There are 2 protein chains.
Amino acid sequence: MNKEVNDSTYWREFDKNPLSHSMAHYLMAIDALRNELGYARSTDIAEMLEVSRGAASMALAQLKKRGWVTEDPNRFLLLSEDGARIASMVEHNFIILSKFFEQVLMVDTETAMGDACKMEHLVSNETGKRLLWLMRYLLSDEDLAVKVRERMSTYKPRCDPLTEQCPICGGTTECLATAEAVL
Amino acid sequence: MNKEVNDSTYWREFDKNPLSHSMAHYLMAIDALRNELGYARSTDIAEMLEVSRGAASMALAQLKKRGWVTEDPNRFLLLSEDGARIASMVEHNFIILSKFFEQVLMVDTETAMGDACKMEHLVSNETGKRLLWLMRYLLSDEDLAVKVRERMSTYKPRCDPLTEQCPICGGTTECLATAEAVL
DNA sequence: AATTTCTGTTATGCTCCTTTAACAAGGAGA
DNA sequence: TCTCCTTGTTAAAGGAGCATAACAGAAATT
């Protein structure tokens, strides 16, 4: 099961993701504060993210070192061009993912946003843009949109492998959908 | 922008995910080894995941403490019922996600698997099962499958907001798809 | 001007996950 | 039996990210 994944130590790419979850949120907080208040200071970031000022200070130092955050002459925080691009990308990923979960998969809002938030910084650029491309289609083509909505409104948490043909389960002995949550 | 996300400190749910990425892979490695060799020892896990024996030993101690891993009379590693369920769920999430990325979004295999691996343990049970439900439809209904494939084969990395109506971009000033990668 | 408050930085310590290295116990072969 | 190798555990240390607390300097209040 997932042999190739486990064999090539590929699974640790996770930690090597160029952008950590927290760093993404520091960048987005700067963006949000500048849109909201017109400026962003370290303390505002800390308050918005509900972390200590010390934590914010150290995180921002890290982001400055990476060249994603700078300061204006009055020492207010700015996103560099790269920083802004990264923030924007993650924000977009969040929007696209949460809309997909909520409006296509018809997951409840809470879950959709929780899932989107966890994954927003992990989606590759390629996958993110292609998901957007698909979403624009799924939500604009009435015919298709209706079909998909119909499909999702008949959602059954598990299927009967004896009577249904499943192109996903394929070789596996048990229907994937029967995996129950324990967590 | 994502105001509600930043405001409610909701973004830190990420760290509180019941299952860390590494723990998920330790569980899956046990499963894989038992399927492959019929047994799983600490050293085998370490080798498969390419971590030190010390790291594997401590991780497994943690997993035993949580009740997800046990030992048989010969001290070989076993997954508890809960552990097996979790491993199975993450494995399924990987399959579903990578198939979705590769066969629906038509992302290249490498990227699809990389993205899937990063997210496999973060997908909620609800979202995972609904994605499977949608996938079964997208891949089985010929009509729809063809339409979606057609859509994705005309993929353009960016769209022109002046001539195209985008139900996603909505209020944003810039088309989401124009966000360029920096990472 | 003097005092208080706010802002940002730094020191220390915690958790998680990793590493290397030291060590104990068991099994295999000479 | 006596080595030698494998296996598993533990100790020490490091990086990421967080907290708390002490501090310096700036800003605002009195």
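So that the names make sense, note that chain A is the first sequence line, chain B the second, and so on, each numbered from 1. The model shown is predicted, which means the values in this text are computed figures rather than measured ones.
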(request) Can you tell me the distance, in whole Å, between the CZ atom of R75(A) and the P atom of dG8(C)? (result) 8 Å
(request) Taking side chain to side chain contact (heavy atoms under 4.5 Å, CB included) as the test, write out the residues that go with E81(A), two or more places apart. (result) R85(A)
(request) Keeping to residues at least two apart or across chains, list the side-chain hydrogen bond (donor to acceptor under 3.5 Å, both in side chains) pairs with something in residues 69-78 of chain B. (result) K64(B)-E71(B), E71(B)-R75(B)
(message) Suppose the criterion is salt bridge (charged side-chain N to carboxylate O under 4.0 Å, His left out): which pairs have a residue in residues 102-119 of chain A, not counting sequence neighbours?
(response) none
(message) Rounding to an integer number of Å, can you tell me how far R41(A) CZ sits from dT5(C) C1'?
(response) 13 Å
(message) Can you pull out every ring-ring contact (aromatic ring centres under 6.0 Å, His included) where at least one residue sits in residues 27-55 of chain A? Sequence neighbours excluded, please.
(response) Y39(A)-F76(A)
(request) Report which part of the nucleic acid S57(A) touches: base, sugar-phosphate, or nothing (heavy-atom distance under 4.0 Å, all strands). (result) base
(message) Listing request: all salt bridge (charged side-chain N to carboxylate O under 4.0 Å, His left out) pairs with a residue in residues 13-29 of chain B, at least two apart in sequence or in separate chains.
(response) none
(message) Determine whether K147(B) and D143(A) satisfy the following criterion, salt bridge (Lys or Arg N to Asp or Glu O under 4.0 Å), listing intermediate values before the conclusion.
(response) CA-CA 11 Å; K147(B) 277 184 150 184; D143(A) 218 44; 3.5 Å; yes
(request) Sequence neighbours left out, what passes side chain to side chain contact (heavy atoms under 4.5 Å, CB included) with T43(B)? Give chain and number order. (result) R53(B)
(request) State which residues pass ring pair (Phe, Tyr, Trp, His ring centres under 6.0 Å) with F100(A); sequence neighbours excluded, sorted by chain then number. (result) F100(B)
What N/O pairs connect the protein and nucleotides 16-20 of chain C at under 3.5 Å? Give each pair on its own line.
{"from": "dC17(C)", "atom 1": "OP1", "to": "S20(B)", "atom 2": "OG", "distance (Å)": "2.9"}
{"from": "dT18(C)", "atom 1": "OP2", "to": "Y26(B)", "atom 2": "OH", "distance (Å)": "3.2"}
{"from": "dT19(C)", "atom 1": "OP2", "to": "S52(B)", "atom 2": "N", "distance (Å)": "2.9"}
{"from": "dT19(C)", "atom 1": "OP2", "to": "S52(B)", "atom 2": "OG", "distance (Å)": "3.0"}

(request) Round to the nearest Å and state the distance from I45(A) atom CD1 to dG8(C) atom P. (result) 9 Å
(message) For chain B and DNA chain D, what are the first and last nucleotides along the strand, 5' to 3', with at least one atom under 4.0 angstrom from a heavy atom of the protein chain?
(response) dT7(D) to dA19(D)
